[in-house]
Amino acid sequence: MIDLKALAHSCGFYTAADMDPKTLKFMSDVRSMCAADRCRSYGKSWSCPPACGELEYWEEKASHYSKGLILQTVGDREDSYDFEAMMEVSEENKRQFLAFTDALKKEGLDFLAMSAGACTICPQCTYPDAPCRFPEKLYPSMEACGLFVSGVCKDNGVPYYYGEEKIAYTCCLLYN
Ligand code: SF4
């Protein structure tokens, strides 16, 4: 078995911490937050609700795995209005996540990974007019799957908030 934490750090993740899959709660309240569409991705991407699948689908998929990791990209920002810095850290998180999941596939690992935020691989998502262009790179976010991310972090002893001058993007991995 490869050292997943070392691999995660080599891909650039700041945090690679154990997560107990039994702590995951797939909640309709989180879906309601998606439906409020504050991130303006609801109903606009294959990676987001309602296209990404029902909560029960994700809960059932997750039930096949006994181990997990919380992965975080943490970067600097001037304050909570520094959207430029937050976008840069988000893009870095997406690069790290895809490098990590590509490496896991090369290793032949059976896994389930959930990302942070809507998929941004294509400048314009094909949803709903045509199939996803890159289904092998499509990983719905933890929120899209119904997970309350700060709660998952808390339940596993991992920080979620790093202070006003830092921003963290959180993903997770499930495996056996
Ligand atoms: S890969 Fe492209 S088509 Fe597929 S979900 Fe992402 S943006 Fe949409």
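Indexing begins at 1, ligand by ligand and atom by atom, following the structure's order. Sequence positions, counted from 1, serve as the residue numbers for this chain. All values reported here derive from a predicted model rather than from experimental measurement.
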(request) Taking all non-hydrogen atoms of both residues into account, name the closest pair between Lys105 and Glu136 and its distance. (result)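 So the two residues come closest at NZ-O, 2.6 Å.
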
(message) Whether Lys25 and Asp155 form a salt bridge (side-chain N of Lys/Arg under 4.0 Å from carboxylate O of Asp/Glu) is what I want to check.
(response)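 Judged by the 4.0 Å cut-off on N to carboxylate O distance, Asp155 and Lys25 do form a salt bridge.
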
(request) Inspect the contact between Glu92 and Arg95 and indicate whether a charged nitrogen and a carboxylate oxygen are less than 4.0 angstrom apart. (result)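 Answer for the salt bridge query: yes.
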
(message) For a side-chain contact (heavy atoms from CB on, under 4.5 Å) check, start with the C-alpha distance between Leu4 and Tyr175, then their side-chain angles and the critical distance, and finish with the verdict.
(response) CA-CA 10 Å; Leu4 293 173; Tyr175 65 101; 3.5 Å; yes

(message) If the cut-off is 2.8 Å, does any N/O/S atom of Cys119 fall short of it from atom 6 (Fe) of ligand 1?
(response)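 An N, O or S atom of Cys119 is closer than 2.8 Å to atom 6 (Fe) of ligand 1, so yes.
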
(message) Please tell me whether Gln72 and Tyr162 have a donor and an acceptor in their side chains that are separated by less than 3.5 angstrom.
(response)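 The answer is yes; a qualifying pair exists.
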
In terms of atom number and element, which parts of ligand 1 are under 4.0 angstrom from non-hydrogen atoms of [X]?
X: Arg133; answer: 3 (S), 4 (Fe)
X: Trp46; answer: 5 (S)
X: Thr126; answer: 3 (S)

(request) Would you mind telling me if ligand 1 is within reach of the side chain of Leu138, the backbone, both or neither, using heavy atoms under 4.0 Å? (result)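 It is the side chain that touches ligand 1; the backbone stays farther off.
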
(message) Before we go on, tell me: are the rings of Tyr127 and Trp46 under 6.0 Å apart, centre to centre?
(response)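 Yes, the ring of Tyr127 comes within the 6.0 Å limit of the ring of Trp46, centre to centre.
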
(request) Could you find the nearest protein heavy atom to atom 8 (Fe) of ligand 1 and give me its residue, atom name and distance? (result)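 The closest one turns out to be Cys125 SG, 2.4 Å.
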
(request) Among all protein heavy atoms, pick out the one at the shortest distance from atom 2 (Fe) of ligand 1; state its residue, atom name and that distance to 0.1 Å. (result)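 Scanning the protein heavy atoms, the shortest distance from atom 2 (Fe) of ligand 1 goes to Cys122 SG, 2.3 Å.
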
(message) Tell me whether atom 8 (Fe) of ligand 1 has Cys132 as a neighbour, meaning an N, O or S atom of it below 2.8 Å.
(response)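 False for Cys132.
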
